[in-house]
Amino acid sequence: MKKHTFFGIRTILPYLKRYRLELIGLVIASALGSLIDIGVPLFQRYALDRFVTGRDMHTMPAFIAVYLGAILAAAGFNYISCVWGMKVEVGVERDLRDEAFSHLQTLSFSYFNQNSVGYIHSRVMSDTQRIGELLSWTLLNSAWQFCYVVGAVIAMFAIEPRLAWLVTAILPVVALLYAVFQKRLFTLNREIRELNARITGDFNEGIMGARTVKTLAVEEKLSEHFAEGTEKMRGRSVDAARFHGLFAITMSFASSLALALVLWKGGLIAKEQIGTFSMFMSYAQGLMEPVRWVVDAIGSLITTQINIERLNRLLNTRSDVVDSPEVVERYGDGYHPKRENWEPIRGDIEFRDISFRYPDGEELVLEHFDLTIPFGMNLAIVGETGAGKSTLANLICRFYEPTSGCMLVDGRDARDRSQYWLRSAIACVLQTPHLFSGTIRENLLYGNPEATEEEIRRALELVSASELVDGLPDGLDTDVGESGDLLSTGEKQLISFARAILADPRILILDEATASVDTITEQRIQRAIDEIIRGRTSVVIAHRLSTIRNADMILVVSDGKIIERGKHDDLIRAKGPYYRLYTRQYEEEATGAALS
């Protein structure tokens with residue numbers, strides 16, 4: 001991976017440029033506040049020399065007024081810098097999260113197959129928060145500390161160079177200690193962040209898979225696995241804390257040693273200059289704050305470098321399915337579609353000599369596969385698990401690209417036109433339906449944002465869902481919960497079918513859409529299927545073979561090849577693979593009914 005200079009911040013600078021005015025104001029306010037802080041020891045020197053040693057009280061009222069004004073001004077500048085720092089922090093966090101989430105929408109399925117929800121969540125939420133904090137408060141402190149150090153050094157050299165050399169001896173010590181400790185701190189913090197990402201992933205799986213965990217009675221095993229991860233993170237965190245503590249102690253010792261040197265030598269140099277000596281002691285102690293800040297800032301920078309690297313890794317990930325520059329120029333992309341250039345889709349599909357393996361797989365799922373699906377055909381695909389049925393649906397939607405060969409839509413290679421152009425004409429209803437958080441109405445409008453109340457009602461009636469919706473407390477405005485969990489699987493499936501109808505697709509894909517519902521709901525869904533496939537190209541991946549008797553063509557797929565095709569009655573009479581699948585399933589259902 002490309003190594004980024006200065007803790008990787010250079011790659012985040014474009015997001016900072018959006019807040020250049022706030023940053024300029026932050027730096028100016030911090031600089032002015034630090035300059036006033038630099039003047040405090042000078043006030044102290046003046047007071048000691050004029051009022052204590054010289055016993056001249058004539059200027060004391062003016063001195064008090066100026067001093068109080070300076071303190072109030074410093075407080076005002078610090079307030080302004082804090083407000084602008086917060087604006088930069090929350091603004092950068094928002095922009096990074098928006099960018100990361102939008103980029104995730106462009107990635108292909110392979111990325112989500114290879115990375116857990118917890119891992120992705122950590123990139124979008126936790127990493128962006130750490131980066132936002134770094135770019136605002138670290139920058140704020142940097143401006144203040146830099147101005148203070150520079151101003152204090154100039155003031156000391158201007159008044160007493162010999163003492164100034166002693167005080168500034170602290171700075172190279174800080175640089176040396178940083179060089180010694182930086183590498184080890186970086187390694188430890190990287191390991192901790194990776195362990196934290198794994199724990200987040202395990203936690204997410206434990207929540208999302210709660211039903212499966214309880215069904216398998218593996219609560220103890222899952223808890224033990226989670227505890228192992230947290231124990232590893234605890235151990236590495238303790239190691240990092242010990243090393244960081246050693247770093248802090250070493251820095252503090254070096255700083256105290258330098259201060260002692262100032263006390264020893266300064267007392268000899270400034271015997272008759274009490275005000276000057278007091279001023280230098282204040283500056284020497286004041287420079288301890290930048291030293292302590294360096295300890296914390298280096299730890300923050302090192303830790304955040306890991307966050308930046310991981311966020312960059314996400315943002316630099318490219319989808320396996322990408323439109324060519326020429327296609328994007330003509331048809332646009334998902335965020336900037338040029339719909340005026342989109343040709344109408346009829347719905348003819350052809351697989352021409354397609355071979356395919358998944359990006360994280362080694363074996364071909366399809367091999368030299370050929371298939372023609374003319375517009376209006378109701379095609380059913382059956383086969384054993386792993387035969388390649390869902391792969392065909394994924395290729396039709398261009399969720400994946402063929403390893404070799406091509407898929408044609410209306411006689412043209414699908415890659416010659418935008419993937420979003422193609423998907424705008426496709427609706428999918430899956431075995432496990434997904435509803436977005438919100439109301440039933442909001443979920444239906446995802447299918448067609450411009451749908452009228454009458455169109456929504458008609459879609460619900462077509463899938464026999466009107467009675468369901470009317471029976472809910474708030475009707476169409478009933479909240480479905482996260483992922484639709486407040487509804488049953490059958491109810492979610494009916495809403496998904498209604499959403500597909502509202503989309504009015506030219507191509508409809510049903511991927512085992514009745515596999516997880518009861519018999520009554522299946523009958524409702526089957527009536528819906530009979531309605532919505534009319535006048536469309538439909539591909540039905542079937543689990544229950546009784547639902548595809550009226551298909552125009554049934555394909556039996558095995559090991560990525562079509563081993564049988566025909567209509568239901570013809571395949572039954574042939575007594576081949578389809579007949580064996582059908583009779584076996586019929587016997588299993590009959591046995592289950594008898595036992596129940």
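As a basis for the values below, the full set of heavy atoms in this structure was taken, side chains included, without hydrogen atoms, waters or symmetry mates.
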Closer than 4.0 angstrom, basic N to acidic O: yes or no for [X] and [Y]?
| X | Y | result |
| --- | --- | --- |
| Lys567 | Asp570 | no |
| Glu461 | Arg458 | no |
| Arg18 | Asp95 | yes |
| Arg310 | Asp127 | yes |

For [X], is the [atom1] atom crowded, meaning more than 12 foreign heavy atoms sit under 6.0 Å from it?
| X | atom1 | answer |
| --- | --- | --- |
| His121 | NE2 | no |
| Glu453 | CD | yes |
| Glu363 | CD | no |
| Phe101 | CZ | no |
| Asn550 | CG | no |

Closest non-hydrogen atom pair between [X] and [Y], with its separation:
| X | Y | answer |
| --- | --- | --- |
| Ser237 | Ile192 | CA-CD1, 3.7 Å |
| Ile440 | Gly475 | CD1-O, 4.0 Å |
| Lys492 | Gly484 | CD-O, 3.2 Å |
| Cys397 | Ile509 | SG-CD1, 3.5 Å |
| Leu494 | Ala465 | CB-CB, 4.1 Å |
| Ser418 | Val327 | N-CG1, 3.5 Å |

How long is the straight-line distance from [atom2] of [Y] back to [atom1] of [X], given to the nearest 0.5 Å?
| X | Y | atom1 | atom2 | result |
| --- | --- | --- | --- | --- |
| Leu364 | Arg357 | CG | CZ | 4.5 Å |
| Leu502 | Asn448 | CG | CG | 6.0 Å |
| His568 | Tyr579 | NE2 | OH | 11.0 Å |
| Trp84 | Tyr19 | CH2 | OH | 15.5 Å |
| Leu445 | Glu450 | CG | CD | 9.0 Å |
| Leu392 | Leu366 | CG | CG | 5.5 Å |

Q: Run the numbers on Asp479 and Thr439 for side chain to side chain donor-acceptor pair (under 3.5 Å), then give the verdict.
A: CA-CA 4 Å; Asp479 189 83; Thr439 66; over 6 Å; no
Q.
Quick check on the 6.0 Å ring-centre criterion: do Phe436 and His434 meet it?
A. yes
Does the side chain of [X] reach to within under 4.5 Å of the side chain of [Y], using non-hydrogen atoms?
| X | Y | answer |
| --- | --- | --- |
| Trp342 | Pro337 | yes |
| Leu104 | Ile120 | yes |
| Trp421 | Glu343 | yes |
| Leu408 | Arg352 | yes |
| Asp98 | Leu96 | no |
| Val382 | Ile554 | yes |
| Asp413 | Asp416 | yes |
| Met377 | Ser538 | no |

Counting only N and O atoms by type, is there a donor-acceptor contact under 3.5 Å from the side chain of [X] to the main-chain atoms of [Y]?
| X | Y | value |
| --- | --- | --- |
| Gln129 | Ser126 | no |
| Asn316 | Asn312 | yes |
| Asp348 | Phe375 | yes |
| Lys338 | Glu329 | yes |
| Arg417 | Tyr331 | no |
| Glu491 | Ser488 | yes |
| Arg339 | Gly332 | no |
| Asn443 | Leu435 | no |
| Asn341 | Arg330 | yes |
| Thr372 | Glu350 | no |

Q: Carefully, step by step, assess Leu107 and Leu314 under the rule side-chain contact (heavy atoms from CB on, under 4.5 Å).
A: CA-CA 10 Å; Leu107 298 181; Leu314 165 61; 4.3 Å; yes
Q: Only one of Val409, Leu508, Ile507 passes side chain to side chain contact (heavy atoms under 4.5 Å, CB included) with Ile426; say which it is.
A: Ile507
Q | Residue of the set Val322, Asp323, Thr317 for which side chain to side chain contact (heavy atoms under 4.5 Å, CB included) holds with Ser319 | A |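 The passing option is Val322.
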Q: Take His336 and Asp333, measure what side-chain contact (heavy atoms from CB on, under 4.5 Å) needs, and give me the verdict at the end.
A: CA-CA 5 Å; His336 307 93; Asp333 56 27; 3.4 Å; yes
Q: For side-chain contact (heavy atoms from CB on, under 4.5 Å), just list the numbers for Gln419 and Glu401, CA-CA rounded to whole Å, side-chain angles, deciding distance to a tenth of an Å, and then say yes or no.
A: CA-CA 11 Å; Gln419 55 187 296; Glu401 298 283 34; over 6 Å; no
Q | Stepwise side chain to side chain donor-acceptor pair (under 3.5 Å) test for Asp320 and Tyr111 | A | CA-CA 9 Å; Asp320 296 325; Tyr111 180 82; over 6 Å; no
Q. Can you list the steps and then say if Arg97 with Arg94 is a side-chain contact (heavy atoms from CB on, under 4.5 Å)?
A. CA-CA 5 Å; Arg97 286 170 180 168; Arg94 179 201 61 193; 6.0 Å; no
Q | Pair Arg549-Tyr582, side chain to side chain donor-acceptor pair (under 3.5 Å): steps then yes or no | A | CA-CA 11 Å; Arg549 292 177 179 175; Tyr582 188 85; 2.6 Å; yes
Q. Do the rings of Tyr400 and Phe109 sit parallel, tilted or perpendicular, given the 30° and 60° boundaries?
A.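 It falls in the perpendicular class, over 60°.
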